[in-house]
Number of protein chains: 2
Amino acid sequence: MSRLSDIIERFIKELMRDANTDMLEIQRNELADHFNCAPSQINYVLSTRFTVDKGYYIVSRRGGGGFIRIMKLDTETIPFVGYLIFEHIGDSISQLDASRILANIEEKGIITPRERAIMEAATNGRSLNVFSPPKDVVRAKLLKSMLSVLITD
Amino acid sequence: MSRLSDIIERFIKELMRDANTDMLEIQRNELADHFNCAPSQINYVLSTRFTVDKGYYIVSRRGGGGFIRIMKLDTETIPFVGYLIFEHIGDSISQLDASRILANIEEKGIITPRERAIMEAATNGRSLNVFSPPKDVVRAKLLKSMLSVLITD
DNA sequence: TAATATTAATAGTCAAAGAAAGTCAAACAG
DNA sequence: CTGTTTGACTTTCTTTGACTATTAATATTA
């Protein structure tokens with residue numbers, strides 16, 4: 001008996017293939033119903049099979065009319081970025097190396113100077129300099145840092 | 001199933017755009033009738049989508065001939081972002097609030113959709129979901145996450 | 001007529017119910 | 001032991017409705 005998670009994974013991928021799209025919106029409960037499983041099973045599938053590392057990006061919203069949007073990253077469009085994400089960067093990277101990458105892809109015209117600045121802001125030491133981080137505290141620093149780029153000349 | 005609140009929000013914004021004005025007066029009950037909903041639904045839409053944070057200001061009057069006046073504030077980019085950074089955000093911010101701010105400044109044209117996506121990527125839960133973080137590990141996640149935006153449709 | 005009271009027409013508030021999705025840990029299977 | 005499945009509990013967002021508050025118009029009274 002093939003694992004349920006695998007079946008759901010295949011199902012989602014087939015939906016995308018059949019609809020010939022890189023973006024799919026599902027209702028968690030509906031899908032869970034379809035497979036007769038706990039809704040949280042869907043979360044499990046998404047968080048193990050549809051990660052950035054595996055080439056997917058997820059956005060969702062709760063409440064009435066909520067949804068889960070699954071986006072497939074298009075590695076054809078910018079192969080170099082795909083290479084960076086899936087092969088080059090790995091599980092850990094120094095600030096210096098990150099900065100080099102950003103400079104490089106800006107020079108290649110893949111990102112604008114402003115976008116580079118945003119990413120520098122997010123990844124520099126100042127933003128990430130927290131020890132035991134209440135997540136929101138980190139996030140606030142990150143966001144402020146990124147926003148400040150917009151008003152710096 | 002698109003949310004009623006979203007539909008009403010769009011309706012109001014289109015009214016303003018079409019009339020090419022920054023000031024619009026509506027009758028609460030009339031609008032509620034038009035959408036076949038509870039009048040207080042209109043209040044809900046106004047108080048979640050037309051806040052000062054989002055650049056709108058509301059004035060209203062009850063009684064016969066009452067009305068709700070919706071004014072779009074002319075927020076100068078720099079002061080507004082400065083306000084966000086130095087006053088509004090504070091020391092801690094939830095992912096949700098961060099997301100709202102980003103949606104807002106995109107709508108105002110302060111950042112591009114792509115820049116918004118970059119910042120969302122940097123500030124969402126998945127990126128920051130680390131407890132005792134070797135800084136580089138966090139950074140790698142962040143960077144990958146941000147880069148992935150570039151190859152998302 | 002001028003002042004005052006009443007009524008009808010609005011809008012506001014708040015809390016409960018409903019509709020999703022998220023989290024986490026325990027149980028389970030290979 | 002690792003990865004999967006489940007379910008109880010939480011959080012977020014929306015919708016509705018009963019009740020309240022305010023204002024303009026109208027009727028009444030001094």
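Chain naming here is simple, since letters A, B, ... match the order of the sequence lines and numbering starts at 1 in each.
Proximity of S5(B) to the phosphate of dC13(D): no side-chain N or O atom is located under 4.0 Å from OP1 or OP2. Contact annotation: R3(B) reaches the phosphate of dT14(D) (side-chain N/O to OP1 or OP2, under 4.0 Å).
A salt bridge does not link E9(A) to R3(A): none of the charged side-chain nitrogens sits closer than 4.0 Å to a carboxylate oxygen.
In this structure, Y44(B) atom OH and dG12(C) atom P are separated by 17 Å, rounded to whole Å. If you take CD of Q27(A) and C1' of dA21(C), they are 10 Å apart, rounded to a whole angstrom. Atom-to-atom, CG of D6(A) to P of dG30(C) comes out at 13 Å; the value is rounded to the nearest Å. Atom CD of Q41(A) is separated from atom C1' of dA27(C) by 14 Å (rounded to the nearest Å). Summarising the geometry, the separation between CG on L46(B) and P on dT14(D) is reported as 13 Å, rounded to the nearest angstrom. The distance from atom CZ of R49(B) to atom C1' of dT15(D) is 12 Å, rounded to the nearest whole Å. Following rounding to the nearest Å, F67(A) (CZ) and dT14(D) (C1') show an atom-to-atom distance of 14 Å. E25(A) has its CD atom 11 Å from the P atom of dA21(C), to the nearest Å.
A donor N or O paired with an acceptor N or O is found under 3.5 Å between the base of dG12(C) and the side-chain atoms of R28(B). Side chain R61(B) to base dT23(D): no donor-acceptor pair is found below 3.5 Å.
Within 4.0 Å (heavy atoms only), N43(A) reaches at least one base atom of the nucleic acid. As judged by a 4.0 angstrom heavy-atom cut-off over every strand, R69(B) is placed among residues making no nucleic acid contact. If you check every strand for non-hydrogen atoms under 4.0 Å, S40(A) touches a base. I42(B) comes within contact range of no nucleotide atom at all, as no heavy-atom separation falls under 4.0 Å. As judged by a 4.0 angstrom heavy-atom cut-off over every strand, G66(B) is placed among residues touching the sugar-phosphate backbone only.
Comparing R100(B) and G65(B) by the nucleotide of DNA chain D whose heavy atom lies nearest to each, the residue mapping closer to the 5' end is R100(B). A residue-by-residue look at C37(B) and A38(A) shows that A38(A) has its nearest nucleotide of DNA chain D further toward the 5' end.
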Handout entry: From CA spacing to verdict: ring-ring contact (aromatic ring centres under 6.0 Å, His included), F11(B), F35(B)
Key = CA-CA 10 Å; F11(B) 182 80; F35(B) 287 104; 5.1 Å; yes
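Considering CD of E115(B) and CD of E120(B), their distance stands at 13.0 Å, rounded to 0.5 Å.
Among L31(A), L24(A), T21(A), the single residue meeting the side-chain contact (heavy atoms from CB on, under 4.5 Å) criterion with L15(A) is L24(A).
Within 6.0 Å of CD on E14(B) lie more than 12 heavy atoms contributed by other residues, nucleotides or ligands.
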